[in-house]
Amino acid sequence: MFSFDGRELAAVFVGGALGTVARAALATFAAPDPGHWPWPTFIVNIVGAFLLGYFTTRLLERLPVSSYRRPLLGTGVCGGLTTFSTMQVEIIKMLEHHNYGLAVGYTVASIVAGLIALYLATAMVRRIRIRA
């Protein structure tokens with residue numbers, strides 16, 4: 001049965017707006033061309049992977065259960081901050097401009113760095129001692 005929670009939806013909306021504004025601000029500083037590494041997208045995706053690992057682990061393992069923290073921070077902020085679709089468009093443009101090595105390197109580096117960031121954030125949260 002589907003249950004609609006307007007406050008949860010509002011949390012996702014607010015978090016998404018914050019994440020999207022942060023990404024847009026970074027993207028305005030450097031618009032990459034197909035022959036160069038797309039640093040803004042790479043950075044937001046790696047930072048987003050780190051934050052997702054941190055928020056998810058912290059919220060599930062360290063803090064009391066909340067109906068709104070995970071939608072706000074995980075789905076909202078991290079979802080708005082990261083951009084898989086932009087990464088795909090950048091890779092397609094690299095391929096169209098025959099920058100095959102750059103496209104492959106960017107794809108592999110994004111996946112590997114994202115997984116490493118996720119792992120490090122999760123490990124960091126799990127190593128922090130809980131004060132009694």
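Worth saying up front: this structure is predicted, and the values here are computed from it rather than measured.
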### Query
Any donor-acceptor pair under 3.5 Å linking the side chain of Arg23 with the backbone of Gly80?
yes

### Summary
Here the pair of heavy atoms bringing Gly53 nearest to Ala121 is C-CB, 3.9 Å

### Summary
Distance col, row Leu102:CG vs Ile91:CD1, nearest 0.5 angstrom, shows 9.5 Å

### Task
Please list all pairs passing the ring pair (Phe, Tyr, Trp, His ring centres under 6.0 Å) test where one or both residues lie in residues 102-121, with sequence neighbours left out.
Trp37-Tyr106

### Query
If you look at every heavy atom in Met94 and Ala103, which pair is closest and at what distance?
SD-CA, 3.5 Å

### Message
Quick check: is Leu59 connected to Met124 through a chain of hydrophobic side chains (ILVMFWY, heavy atoms under 4.5 Å apart)?
### Response
yes

### Task
Indicate yes or no: at least one non-hydrogen side-chain atom of Tyr100 is less than 4.5 angstrom from one of Leu95.
yes

### Task
Enter the distance from Arg58:CZ to Thr56:OG1 here, rounded to the nearest 0.5 Å.
13.0 Å

### For the student: nearest non-hydrogen atoms of Thr82 and Gly48, plus distance
CG2-CA, 3.5 Å

### Distance in Å, Tyr54 OH paired with Leu73 CG, rounded so as to fall on 0.5 Å steps
10.0 Å

### Task
Determine, step by step, whether Val44 and Thr83 satisfy the side chain to side chain contact (heavy atoms under 4.5 Å, CB included) criterion, reporting the C-alpha distance in whole Å, the side-chain angles of both residues, the deciding distance to 0.1 Å, and the verdict.
CA-CA 8 Å; Val44 296; Thr83 175; 4.2 Å; yes

### Task
Please examine the side chains of Ser110 and Asn45, heavy atoms only from C-beta on, and report whether any two atoms are closer than 4.5 Å.
no

#### Entry: Close side-chain approach of Leu72 to Val12, heavy-atom, < 4.5 Å
no

### Query
Looking at NZ of Lys93 and CD of Glu90, how far apart are the two atoms once the value is rounded to the nearest 0.5 Å?
7.5 Å

### Summary
Here the gap from Arg69 atom CZ to Phe55 atom CZ, rounded to the nearest 0.5 Å, amounts to 12.0 Å

### Query
Leu51 and Leu81: side chain to side chain contact (heavy atoms under 4.5 Å, CB included), yes or no, with the steps?
CA-CA 10 Å; Leu51 290 175; Leu81 178 64; 4.0 Å; yes

### Message
Take a 6.0 Å sphere around OH of Tyr68 and say whether it holds more than 12 heavy atoms from other residues, nucleotides or ligands.
### Response
yes

### Query
In terms of hydrophobic clustering (I, L, V, M, F, W, Y; side-chain heavy atoms under 4.5 Å; direct or indirect links), are Val89 and Phe42 co-clustered?
no

### Query
Rounded to the nearest 0.5 Å, how far does CZ of Arg70 lie from CG of Leu60?
5.0 Å

### Query
Listed by chain and number, what are the side-chain contact (heavy atoms from CB on, under 4.5 Å) partners of Leu115, not counting sequence neighbours?
Ile111

### Query
Do Val112 and Leu120 belong together in a cluster built from hydrophobic side chains that touch within less than 4.5 Å?
yes

### Message
When you group the ILVMFWY residues by side-chain heavy-atom contacts below 4.5 Å and let the links chain together, are Leu52 and Met87 in the same group?
### Response
no

